[in-house]
Amino acid sequence: MPVQRLSKEALQKILRGHVKEETTCVIKFYSNTCHLCHNLQEYYQDLADDGDYSDLHFFAFNIDDSPRAERLLNFNGVPTISLVKTGGTKPKVRILPDPEEPNDLTWYKTSEIKQFIEKEK
């Protein structure tokens, strides 16, 4: 399944609880000027294509479209991976913590993202 790019309006809809269906969204926050974000793109797409995660929706959001997203969700810098569960009055938002030993090319290791998804989904 391809990673879908989220607009500012679509992100707001998810975060404000306007999505009534119970679903789990994985969102990669990135910036056009972040080389780590660009390097992570292929690995993130591989996760979206993995049959083990066919019940999840994978999105990407460019924080250049809404710099307030970083402050609103309380994370520092990109790339950042978030998991959002919708379907209630207030969505449950989880942020993957910064790695203890960041990967020099992609920041997160694929295994760290997989562990986060398994723990939070």
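Side-chain atoms are counted along with the backbone in the values below, which use heavy atoms only and exclude waters and symmetry mates.
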**Q** Within a strict 4.5 Å, meaning less than it, do heavy atoms of the T110 and D46 side chains meet?
**A**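 Counting from C-beta outward, T110 and D46 never come under 4.5 Å.
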
**Q** Using every non-hydrogen atom in the two residues, find where P91 and R16 come nearest and quote the distance to one decimal.
**A**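 In terms of heavy atoms, the two residues are closest at CD-C, 4.4 Å.
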
**Q** So, are D64 and K8 salt-bridged, with charged N and O less than 4.0 Å apart?
**A**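 The answer is no: the pair does not qualify as a salt bridge.
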
**Q** Could you tell me whether a side-chain N or O of Y108 sits under 3.5 Å from a main-chain N or O of L96, the two making a donor and an acceptor?
**A**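 Yes, the answer is positive, given that a donor and an acceptor are paired below the 3.5 Å cut-off.
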
**Q** Answer with yes or no whether the hydrophobic clustering places I95 together with F116; edges join I, L, V, M, F, W, Y residues whose side-chain heavy atoms lie under 4.5 Å apart.
**A**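 No.
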
**Q** A side-chain contact here means heavy atoms from C-beta on lying under 4.5 Å apart; do L73 and L15 qualify?
**A**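 A side-chain contact exists here, since the closest heavy-atom pair is under 4.5 Å.
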
**Q** Look at the side chain of E112 and the backbone N and O of K109, then say whether any donor-acceptor pair between them is shorter than 3.5 Å.
**A**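 Yes.
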
**Q** Between V78 and C34, which heavy-atom pair has the shortest distance, and what is it?
**A**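 Answer, listing the atom of V78 first, then C34: O-SG, 3.7 Å.
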
**Q** For a quick check under 3.5 Å, do T23 and H57 share a side-chain donor-acceptor pair by atom type?
**A**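 There is such a pair (donor and acceptor under 3.5 Å, judged by atom type) between the side chains of T23 and H57.
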
**Q** Crowded around K20 NZ? As in, over 12 foreign heavy atoms under 6.0 Å?
**A**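 Correct, the count exceeds 12.
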
**Q** Kindly compute the distance separating CD (Q12) from CG (L72), expressed to the nearest 0.5 Å.
**A**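 Answer rounded to 0.5 Å: 9.0 Å.
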
**Q** How about E70 and T80: do any of their side-chain heavy atoms sit closer than 4.5 Å?
**A**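 Sidechains of T80 and E70: no contact.
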
**Q** Would W107 end up clustered with I113 when hydrophobic side chains under 4.5 Å apart are linked, directly or stepwise?
**A**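 Same hydrophobic cluster.
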
**Q** Return the CG to CG distance between L47 and L40, rounded to the nearest 0.5 Å.
**A**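 L47 CG to L40 CG: 8.5 Å, rounded to 0.5 Å.
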
**Q** Does K28 make a cation-pi contact with Y30 (under 6.0 Å, within 45 degrees of the axis)?
**A**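 Yes; both conditions hold, so K28 lies above the ring face of Y30.
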
**Q** Within this structure, what is the SG-CG distance for the pair C25 and L56, rounded to the nearest 0.5 Å?
**A**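 Between C25 SG and L56 CG, I get 8.5 Å after rounding to 0.5 Å.
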
**Q** Looking at CG of L83 and CD of E120, how far apart are the two atoms once the value is rounded to the nearest 0.5 Å?
**A**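 The distance works out to 6.5 Å.
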
**Q** Is S82 reaching over with its side chain to a backbone N or O of R94, donor-acceptor style, under 3.5 angstrom?
**A**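 Confirmed, S82 side chain pairs with R94 backbone.
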
**Q** Start with the C-alpha gap between T86 and K92, add the side-chain angles, then the distance that decides, and say whether side-chain contact (heavy atoms from CB on, under 4.5 Å) holds.
**A** CA-CA 7 Å; T86 65; K92 290 175 66 177; over 6 Å; no

**Q** Could you walk me through whether T106 and L36 pass the side-chain contact (heavy atoms from CB on, under 4.5 Å) test, one step at a time?
**A** CA-CA 5 Å; T106 60; L36 296 169; 5.8 Å; no

**Q** Tell me whether V19 is reachable from V93 by hopping between hydrophobic residues (I, L, V, M, F, W, Y) whose side-chain heavy atoms are closer than 4.5 Å.
**A**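 Yes; V19 is reachable from V93 via cluster members.
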
**Q** So with a 6.0 Å cut-off around CG of N74, is the heavy-atom count from everything else above 12?
**A**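 Atom CG in N74 is not packed in, count stays at 12 or less.
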
**Q** Answer yes or no: is there a side-chain heavy-atom contact under 4.5 Å between Y53 and E118?
**A**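 They are in contact (side-chain heavy atoms under 4.5 Å apart), so the answer is yes.
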
**Q** Does any N or O in the side chain of E22 come within less than 3.5 Å of the main-chain N or O of K85, such that one atom is a donor and the other an acceptor?
**A**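 Side chain of E22 to backbone of K85, a donor-acceptor pair under 3.5 Å: no, none is there.
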
**Q** Do the non-hydrogen side-chain atoms of I27 and V84 ever get within less than 4.5 Å of each other?
**A**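 A side-chain contact exists here, since the closest heavy-atom pair is under 4.5 Å.
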
**Q** Hey, what do you get for CG (N62) to SG (C37), rounding to the nearest 0.5 Å?
**A**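 Reported value, rounded in 0.5 Å steps: 8.5 Å.
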
**Q** Quick one: pull up CG in N103 and OG in S111 and give me the separation to the nearest 0.5 Å.
**A**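 Going from the CG atom of N103 to the OG atom of S111 covers 9.5 Å.
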
**Q** Between F75 and F29, how do the two ring planes meet: parallel, tilted or perpendicular, split at 30° and 60°?
**A**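 Answer is tilted, since the angle falls between 30° and 60°.
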
**Q** Using atom types as modelled and distance alone, determine if a side-chain donor or acceptor of Q45 lies under 3.5 Å from a backbone N or O of V3.
**A**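 Looks like yes, one N/O pair under 3.5 Å.
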
**Q** Side chain of Y44, backbone of F59: donor and acceptor closer than 3.5 Å?
**A**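 Side chain of Y44 to backbone of F59: a pair is present.
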
**Q** With the side chain counted from C-beta on, respond yes when D65 and L6 share a heavy-atom pair under 4.5 Å apart, and no when they do not.
**A**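 Answer no - side chains too far apart.
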
